[in-house]
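For reference, the structure is listed below as structure tokens.
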Amino acid sequence: MPGFELIGKSELNEVKKIFKESNGVLFAHGFDKLRKNIFRVRKFEKQISNFFKIKYVQCVSSGTAAIKIALKSAGVKQNDEVITQGFNFIATIEAIVDCGAKPVITGIDNDLNLDLNHLKKLVTKKTKAIILVHMLGYSGEIDKIKSFCKKRKILLIEDNCEAVGAKYKKKYLGTLADIGIFSFDFGKNITTGEGGCILTNDKKKYLFFKQYHDHGHMLLKHLPRGNDKAAMAGFNYRMTELQAAVGIAQLKKLKFILRENKKRFNHLEKALKNKTYVRKIYPGSIPSYDTFLFKVKKNKKKIIVKYLNKIGVGTKNLPDAIKWHFAFYWKHAVNQKQLRNTVSSKKILDEYIAIPILINKNENLYNKIGVDISKLI
Ligand SMILES: *Cc1c(COP(=O)(O)O)cnc(C)c1O
């Protein structure tokens, strides 16, 4: 979440460089001479690849576009089914629907992660892919779900839009499944305003991403772009040089952001862990610590939410913005039978409050919040 809090001089300087060094070429492709062979989207992709230790990265216009391209690369089409969890963001469902396929919704467990037992019951011959979403900075049961998918030969996509920088067993989330998805929209751990990327270690998949997101362009080196060949009908999901410039500056801040998040998170955890149920971190994983989640009794919820609003921090997704993050409310995109799968998840979600971690706020504020809430609970 805190990327937007640190937008400033270094992002501006990277943007200025586009004008100083490469004549204001804002497009990621071609214009080789005019731009003096400087390609910022390509540079950003290389930096992501090095930082997260993944072979191939394709930057695109949004996280939603990234999910759509991932599904297209798996050949998802009409009458196929794609499974994902009810506690989610609408983007995954929209990407499935946009491919003409049917979203199938699983419940969540007590820790708000995808419920593997429910998932096992929902797989059919029509299941083309599973999208595991690491919600609010915390890892889902990636190892167990991965081995289940491997056994059943189903493509696994990690939607890691909300947990950029989080890890499982020393590896970054988003690099563990067949395909990983990041978003860099303005509410994410690092931001380019709008933007996202797709990660994979599979060269064939990468070549699909690269072509599909750019009208099918093969980018054959010996041909000028205007005479380039197409391998398929694609679309335009390109990232611009402006976004990449901002991303280059933001990625340098990610480690700092994660450290600062954790300091504030620790204050809340220390004050509340003996007072109430705090969302459990999946064993072996390290969250990105940008949200702190805990349970409250029904009669205390309103009081605590009111307190968080009054102190200027508010809540994140739970309870605010829940309508965009829970399939229970998506009858415009999900069929009745699937909506029924969300009823038990609602009971769990209703018990939780999510506190956003903001790093421009002094860490002592989070100490105070923890102590205050421990008295209200
Ligand atoms: C933000 C988000 C997306 C979509 O990202 P955009 O870049 O805003 O399109 C997808 N999935 C989840 C879980 C998200 O939080």
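These figures come from a predicted structure and were not determined experimentally.
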**K301 to Y352, cation-pi by 6.0 Å centre distance and 45° axis angle** =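 The answer is no, since K301 fails at least one limit relative to Y352.
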
**Message:** Looking at Y172, I'd like to know if the NZ or CZ of K167 sits under 6.0 Å from its six-membered ring centre while staying within 45 degrees of the ring's axis.
**Reply:**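 Yes, K167 sits over the ring of Y172.
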
Approximate separation, where rounding is to 0.5 Å, of [X] [atom1] and [Y] [atom2]:
X	Y	atom1	atom2	result
K229	L220	NZ	CG	7.0 Å
N335	R340	CG	CZ	8.5 Å
N23	L34	CG	CG	5.0 Å
K128	D80	NZ	CG	4.0 Å
L258	I190	CG	CD1	9.5 Å

Does a salt bridge link [X] with [Y], judged by any charged N lying under 4.0 Å from a carboxylate O?
X	Y	result
K280	D111	no
E162	K316	no
E241	R35	yes
K253	E11	yes
D372	K368	yes

Single-linkage hydrophobic cluster, 4.5 Å side-chain cutoff, [X] and [Y] together:
X	Y	result
L119	I67	no
L112	I304	yes
I348	V343	no
V305	L365	yes
L173	I131	no

For atom [atom1] of [X], decide whether the heavy atoms of other residues, nucleotides or ligands shown that lie under 6.0 angstrom number more than 12.
X	atom1	value
F31	CZ	no
F148	CZ	yes
K252	NZ	yes

**Message:** Let's go through T291 and R279 carefully: what are the C-alpha distance in whole Å and the side-chain angles of both, what is the deciding distance for side-chain hydrogen bond (donor to acceptor under 3.5 Å, both in side chains) to 0.1 Å, and is it a yes or a no?
**Reply:** CA-CA 10 Å; T291 315; R279 184 187 186 187; over 6 Å; no

With distance as the sole test, does [X] use its side chain to make a donor-acceptor pair with the main-chain N or O of [Y] at under 3.5 Å?
X	Y	result
S22	V25	no
T191	F184	yes
H217	Q211	no
W330	K323	yes
E45	C59	yes
N50	Q47	no
H267	Y366	no
E260	I359	no
T127	A129	no
D109	N113	yes

**Asked** Taking it one step at a time, do E81 and T124 satisfy side-chain hydrogen bond (donor to acceptor under 3.5 Å, both in side chains)?
**Response** CA-CA 8 Å; E81 294 177 354; T124 70; 3.0 Å; yes

**Request:** Could you check whether the rings of F4 and F186 sit parallel, tilted or perpendicular, using 30° and 60° as the cut-offs?
**Result:** tilted

**Message:** Would you call the rings of F265 and Y289 parallel, tilted or perpendicular, taking 30° and 60° as the class edges?
**Reply:**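 F265 vs Y289 ring planes: perpendicular.
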
**Asked** Passes salt bridge (Lys or Arg N to Asp or Glu O under 4.0 Å), K146 versus E158? Steps please.
**Response** CA-CA 10 Å; K146 190 175 163 180; E158 270 184 288; over 6 Å; no

Of [options], which meets side chain to side chain contact (heavy atoms under 4.5 Å, CB included) against [X]?
X	options	result
Q58	Y206, F208, Y237	Y206
I355	T315, I373, L318	I373
D214	N236, L219, D228	L219

**Listed once per pair and sorted, the salt bridge (charged side-chain N to carboxylate O under 4.0 Å, His left out) pairs that draw on residues 349-364, sequence neighbours left out** =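 Sorted result for residues 349-364: K295-E351, K346-D350.
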
**Working for salt bridge (Lys or Arg N to Asp or Glu O under 4.0 Å), residues D185 and K188** = CA-CA 6 Å; D185 81 22; K188 301 303 202 274; 3.1 Å; yes

**Message:** Set out, in order, the CA-CA distance, both residues' side-chain angles and the distance that settles side-chain contact (heavy atoms from CB on, under 4.5 Å) for V123 and V104, then state yes or no.
**Reply:** CA-CA 9 Å; V123 169; V104 173; over 6 Å; no

Might you point out which heavy atoms bring [X] and [Y] nearest each other, and give the distance in Å?
X	Y	value
A70	I157	CB-CD1, 3.9 Å
C161	G63	SG-CA, 4.4 Å
N261	P2	OD1-CG, 3.3 Å
A354	L293	CB-CD2, 3.6 Å
M135	N88	CE-O, 3.5 Å
V371	A271	N-CB, 3.8 Å

**Asked** With a 4.5 Å limit on heavy-atom distance, are the side chains of I7 and L12 in contact?
**Response**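 Heavy-atom side-chain distance check fails, nothing below 4.5 Å.
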
**Message:** Between L132 and L156, does the side-chain contact (heavy atoms from CB on, under 4.5 Å) criterion hold? Intermediate values first, please.
**Reply:** CA-CA 7 Å; L132 168 63; L156 178 62; 4.1 Å; yes

**Asked** Looking at F326 versus F87, is the centre-to-centre ring distance below 6.0 Å?
**Response** no

**Message:** Can you confirm whether or not the ring centre of Y56 sits under 6.0 Å from the ring centre of F209?
**Reply:** no

**Message:** If you apply the rule side-chain contact (heavy atoms from CB on, under 4.5 Å), what do you find for F256 with L6, and how did you get there?
**Reply:** CA-CA 10 Å; F256 172 77; L6 302 181; 4.1 Å; yes

**Message:** E21 vs I38, test: side-chain contact (heavy atoms from CB on, under 4.5 Å). Steps then yes/no.
**Reply:** CA-CA 8 Å; E21 295 172 0; I38 297 169; 3.9 Å; yes

**Request:** List the steps, then state whether side-chain hydrogen bond (donor to acceptor under 3.5 Å, both in side chains) holds for S288 with N189.
**Result:** CA-CA 8 Å; S288 56; N189 286 345; 3.2 Å; yes

